[in-house]
Structures are given as structure tokens and as C-alpha cells.
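This is a predicted model, so every value here is computed, not measured. Numbers here simply count residues along the sequence, with the first being 1.
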Amino acid sequence: MLSTALRTRPRTFIAASATLAAATALGGLVALAPSASAGEFLTNGGFETGGLSGWSCDAGTATVVSGQAHSGSYALQGTPSASGTAQCKQTVSVAPSTTYTLTAQVKGSYVYLGVDGGASTWTPGTGSGYAQLSVSFTTGASQTSAAVFVHGWYGQPAYLADDISLQGPGSGTTTPPTTPPTTPPTTPPTTPPTTPPTTPPTTPPTSPPPSGDLPTHALVGYLHETFANGSGYTKLADVPDSWDIIDLAFGETSSPTSGQIHFNRCSVSECPSVESDADFKAAIKAKQAKGKKVLLSIGGANGEVQLTTTAARDAFVSSVSSIIDQWGLNGIDIDFEGHSLSLNTGDTDFKNPTTPVIVNLISAVKSLKARYGSGFVLTMAPETFFVQNGYQFYGSGPWNGQDPRCGAYLPVIYALRGDLTLLHVQDYNSGPIMGLDNQYHTMGGADFHIAMTDMLLTGFPVAGNTANMFPALAPSQVAIGMPASVNAGNGYVAPSQVDQALDCLTKKTNCGGYTTHGTWPSLRGLMTWSINWDRFNNGEFQNNFDSYFG
């Protein structure tokens, strides 16, 4: 979400990593693999033949264009559709147990680069110029070929790619391209239900979820506390009383797998108006005296946390507890992004996860809940890719060709549903997501918020499997996540569109073209990134919330 990337720029839909190495995908093999060096394994990676020789592309979606190259004269242009990603692929011969590095210069929005069945990376947008994507992978012990790909995303504008290179030891030899597989790694592994659900497919929880002593309708915002950016520094004491939950951004770790979380307040050199520690602590107590909740938000765009071991889990519990105790906080917000959560191959049941980073996070949060009792406030701010995208994809899929982060928050939400005060998915910086109407919905209007929230309040079949349903959350556990302004992130909607989404979900009026599966007047409220950006925008988000809910 919550972009510390908007220390300088907004946070990403899935925070892109330069490398999702085989250390994640293939465990210890990476330690045994030769280092990649000098040999080029791709044919026509710069498209200087003026055509697509060497590449196999989705029919009718790709062409080679002149005048738009990163280098040389030509570049690949792929044009996605509502049902396709404009993928181009090349299969090459490789050596077993060997590390390779794939790079490309890309231009456009939502451009992906990777290898079938392994690592991938992406960018949400490159602005007006090219940007490099890079990802490394290690072949299996008996692997002799690999298929690398570049593609865009459903319904997005055309993208450009140039100077695609696969480097590894030795000299590369390409395998003649074959017909693209009928099910590329980015298409649904199973067919979603052909008829959208007309009634809630799951039973809402029978016991009331924890309310956290929140008002009937609550406003949640993130306060930039450890960094400065163009929105300016805001003292906690200056946060208006409209904000019911204030998430302090961010608790981070300097080593993703250590589990050791630190909360370093912004320095005077970076934030000249920062208050003293004593004044900050006094402001927390003053907010709490007014019934407000002040939480530590853990993660963010730059705060990758992977609890791969029980030792990391225990360090997480200990360090987070120390921060809570030091400042007298009400609880935590889990804002794990990027590669913090992914599912191991074979981990297919969200109700019984086996992946260590998932299991250890659940255990850590339950330990914190047990330590602080029923008053402990727990919120989560996942991206749509990790939640609603689970309607189509879950983990690496039956052919191990999908991004293993697909739907990876679902087991965490499910296991902690009895402890969860509030879930506010980030309905921004997102690619198109299929809703329960089996249509793709794109951010930037009321429709996206309506469709995404309907999924949470109705429940949905995971990976299209109606025998494996993710159950609905209680409306009081759900808030809608939105950017506060055009500066705060992609997907901003004007107040009138915010009101339309609330009308539809709480009153079933003003719904436009989407039909919800229920009416939820007790929907908890709204979340935004961020309080700082809203103040920079003259309080538009806060004032609209106050006006709507009175």
C-alpha cells in the first residue's frame, strides 16, 4: 500500500522485486549452482531482425515497431486484451542446477518478466521512459530447457519491451519456439463458476468479531512516522479527531528473514518539525483518551518480512511487543507486501496452510493477541493480488506456473478471522481483478470498490473451486482502502465515487452496473493512504467521510 515508495512515489500493486531467486523457488540448489556469466541464451532479444523470429507470442497481440526502441531500431510491442496478457515467450536449452539472470528494458504499465514455473518480476509503470526488469532463477537438477516470457496485464494499454537478455555460463542455444501452451501461467488454473453466485455461498461467522471499541463507522489512516516525503511531516497531536485508527508507518526490518522489527522515528534532519519522543508518547495517550486507536503498521512497500523459521517468529513477537510496550500502542496492522508472503509448491488448502512464512505469521499474531488480551486491535492491509485475486489463482497452481503469491493472504485472514478487528484491502495500485460477476474490474471508479468489497462480504470459491470456499467476513470487520488523493497512489476516486460505493454497499442504491450479493449497512468504514496526503489535499477524504456518515 502504503507506500513508503511514496517516500518518493506510490507503493505498488505487488511491490516489485528485482529478484525472486531460486533460493525461494528451489531452496538449497542455489548454493550449489554455478554463477551466471557471459553467455547469451536468447535469439533476437533486441528484435533487430525487424520481426518476432525466435519468439512465440499470443496470436494477434504482438508486433515489432520502429522508432520506439530502447536501443537499436526496433522493439516489441504487446497489446493486451480483456482476456489476454499479450505474452511472448522463448524456450532455450539450459544446464541443470545452474543460475541464470533474465533482464529486459520495458516501457508501460503492468509489464511482467519471468520464467515458466519459476521466478518472475514486474513493474506497475515506468512513466514516460524505459526501465529495467531483472530476475534470477536456478534450474532443477534434471532441467535442460526453460521458457522465459514477457507480458502485460489484462485490459491494460500496450507495452514495449527491448534488449531482453538471458545470461548464464557457457554459450546459449535456443530451442525452436513451440506453440504457446493453452494455459499460460497468468490465466486461471481452473475455470471460475460460469454462473455468478446469486446468494452468499458461505455462512457469515456466528460469533461476533472483535470490535476494538470502534465507532459504528470508522475512519482509518496511515501517518508517515518514520520518513518524510512531499506530503510533509504531520505531528500525531495535529491529526484531526475524525481519524479513529491511526497506523504509524512503518515498523520495518533491516533483514527480511530475521523477524526483528524496529520502529525508528523520523530524524530531525529529514523531518525538521518532528516532535520529541516525550511529546509523541503524550500525543498517543491523548488520542487514546479520546477513544482513538494508535497502531504499529508493520511492513509497507519497503519493509519485507519473511518469518521463515520459528526463531524469526519468536524474534518478531519479542521485538513487536517491545515497541508496543515502549509507546503504549493499542495493537498492530499487518501490511506485508512484495515477497513477504508466498505459498510453497503443494500448499493448496488455505484452511490448512503448510508454508512456514504463513504458519509462523499466524502463530506470531496469535501469540501477540494472547499476550495483550481482548483489547488488542488487529488490522490488515493486503493488496488485491493477495486476496481477491485468489478467486482465480491460488499459489503456483496445479502446473507450478503461477506467481506463488497469488491469494497468499487468504490463509492468514482465515486463521485469524476470530481475532481480526478490521480488514482493509488496498483497492489501489492494482491490476484488473475478476469479480463475482466473472468480469474484470479496474481501479479508478466506484465499480472497483463495490466489486472488491462484495467479494469479501459474500465469500468466494478459491481458484474457482466451489468445493473450497473462502468464507465471508462480517461487515463490521471490513473497511474499503482508497488513496487520499492523486498524489497518494494510482486508483484515486473523487468524493462522489466514494459516496456511490458506500451507497451501493450499505443501501443497495446507486450501484451502477454491478449487482451486489447483499446489503451491508454495518460496513465499518474507510481506510486511506494516507493522513499526510489527505492534509496535503486540504482534508478532502476526511471531510467527505464526516459528511457521509455524519
Whether the [X] and [Y] side chains hold a donor-acceptor pair (N or O, under 3.5 Å, no angle test) is what I'd like checked.
| X | Y | result |
| --- | --- | --- |
| D499 | N544 | yes |
| T234 | D238 | no |
| S476 | S522 | no |
| Q288 | N330 | yes |
| D454 | T516 | no |
| D437 | Y514 | no |

After noting the C-alpha distance and the side-chain angles of H441 and F448, does the key distance pass the ring-ring contact (aromatic ring centres under 6.0 Å, His included) rule?
CA-CA 6 Å; H441 298 269; F448 190 68; 7.6 Å; no

Run the ring-ring contact (aromatic ring centres under 6.0 Å, His included) test on F545 and F541 for me, step by step, so that the C-alpha distance in whole Å, both residues' side-chain angles and the decisive distance to 0.1 Å come before the verdict.
CA-CA 6 Å; F545 176 90; F541 194 90; 7.8 Å; no

For the NZ atom on K285, are there more than 12 heavy atoms of other groups (residues, nucleotides or ligands in this structure) within a distance under 6.0 Å?
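It does not: K285 NZ has 12 such atoms or fewer within range.
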
Taking the side chain as every heavy atom from C-beta outward, state whether [X] and [Y] have any pair of such atoms under 4.5 Å apart.
| X | Y | answer |
| --- | --- | --- |
| L248 | L295 | no |
| V425 | M452 | no |
| T123 | L133 | yes |
| S322 | I324 | no |
| I332 | F376 | yes |
| L296 | F263 | yes |

Stacked cation flag R313 on F316, 6.0 angstrom / 45 deg:
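Checked: cation-pi criterion not met.
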
Going by the rule side-chain contact (heavy atoms from CB on, under 4.5 Å), which residues pair with D419 if we only count those two or more places apart in sequence or in a different chain?
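Checked D419 against side-chain contact (heavy atoms from CB on, under 4.5 Å); matches are K366, K369, L378, L416.
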
Counting only pairs under 3.5 Å, give me each side-chain donor-acceptor contact of residues 277-284, with atom names and distances, residues two or more places apart or in other chains.
{"unit_1": "D277", "atom_1": "OD1", "unit_2": "R265", "atom_2": "NH1", "d": "2.9"}
{"unit_1": "D279", "atom_1": "OD2", "unit_2": "S276", "atom_2": "OG", "d": "3.4"}
{"unit_1": "K281", "atom_1": "NZ", "unit_2": "Q326", "atom_2": "O", "d": "3.0"}

Step by step, would you call Y548 with N543 a side chain to side chain donor-acceptor pair (under 3.5 Å)?
CA-CA 9 Å; Y548 189 90; N543 293 335; over 6 Å; no

Would you please name every residue forming a side-chain hydrogen bond (donor to acceptor under 3.5 Å, both in side chains) with S269, sequence neighbours left out?
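Applying side-chain hydrogen bond (donor to acceptor under 3.5 Å, both in side chains) to S269 gives S267.
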
Taking side-chain hydrogen bond (donor to acceptor under 3.5 Å, both in side chains) as the test, write out the residues that go with Y130, two or more places apart.
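Counting only residues at least two positions away or on another chain, Y130 forms no side-chain hydrogen bond (donor to acceptor under 3.5 Å, both in side chains).
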
Whether the side chain of [X] engages the backbone of [Y] through a donor-acceptor N/O pair (distance < 3.5 Å, no angle test) should be reported.
| X | Y | value |
| --- | --- | --- |
| Y440 | G435 | no |
| S319 | A315 | yes |
| Q306 | H339 | yes |
| N429 | N490 | yes |
| T528 | M482 | yes |
| S258 | S254 | no |
| T253 | Q260 | yes |
| S396 | Q402 | no |
| R535 | V239 | no |
| H217 | L523 | yes |

Start with the C-alpha distance between D427 and V493, add both sets of side-chain angles, then the distance that settles side chain to side chain contact (heavy atoms under 4.5 Å, CB included), and finish with yes or no.
CA-CA 11 Å; D427 287 358; V493 294; over 6 Å; no

Of all pairs that satisfy disulfide bond (SG atoms under 2.5 Å apart), the ones with a partner from residues 481-550, not counting sequence neighbours:
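Non-adjacent pairs meeting disulfide bond (SG atoms under 2.5 Å apart): C504-C511.
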
Which atom pair, heavy atoms only, marks the closest approach of [X] to [Y]?
| X | Y | result |
| --- | --- | --- |
| Q388 | I433 | CB-CG2, 3.9 Å |
| K351 | P353 | C-CD, 3.6 Å |
| S340 | G303 | OG-O, 4.4 Å |
| L307 | L361 | CD1-CA, 3.9 Å |
| L329 | V294 | CB-O, 3.5 Å |
| A479 | L422 | N-CD1, 4.0 Å |

Parallel, tilted or perpendicular: rings of W533 and H224 (30°, 60°):
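Judged by the thresholds at 30° and 60°, the geometry between H224 and W533 is perpendicular.
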
Kindly indicate, with the supporting measurements, whether the criterion side chain to side chain contact (heavy atoms under 4.5 Å, CB included) is fulfilled by L423 and L456.
CA-CA 9 Å; L423 176 71; L456 301 177; 4.1 Å; yes

Sort and list the pairs that fulfil salt bridge (charged side-chain N to carboxylate O under 4.0 Å, His left out) and have at least one residue in residues 286-298, not counting sequence neighbours.
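Found D241-K287, D241-K290, D244-K292.
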
Side chain to side chain contact (heavy atoms under 4.5 Å, CB included) between L526 and L502: does it pass, once the steps are laid out?
CA-CA 9 Å; L526 301 177; L502 292 171; 4.0 Å; yes

Option from D335, I261, N264 for which side-chain contact (heavy atoms from CB on, under 4.5 Å) with F250 holds:
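Of the listed options, the one satisfying the test is D335.
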
Can S242 and D546 be said to form a side chain to side chain donor-acceptor pair (under 3.5 Å), step by step?
CA-CA 7 Å; S242 295; D546 290 343; 2.6 Å; yes

For Y222, run the side-chain hydrogen bond (donor to acceptor under 3.5 Å, both in side chains) check against N532, D333, D534 and tell me which one passes.
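When side-chain hydrogen bond (donor to acceptor under 3.5 Å, both in side chains) is applied between Y222 and each of N532, D333, D534, only D333 qualifies.
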
List the steps, then state whether ring-ring contact (aromatic ring centres under 6.0 Å, His included) holds for Y492 with Y428.
CA-CA 7 Å; Y492 165 78; Y428 49 92; over 10 Å; no

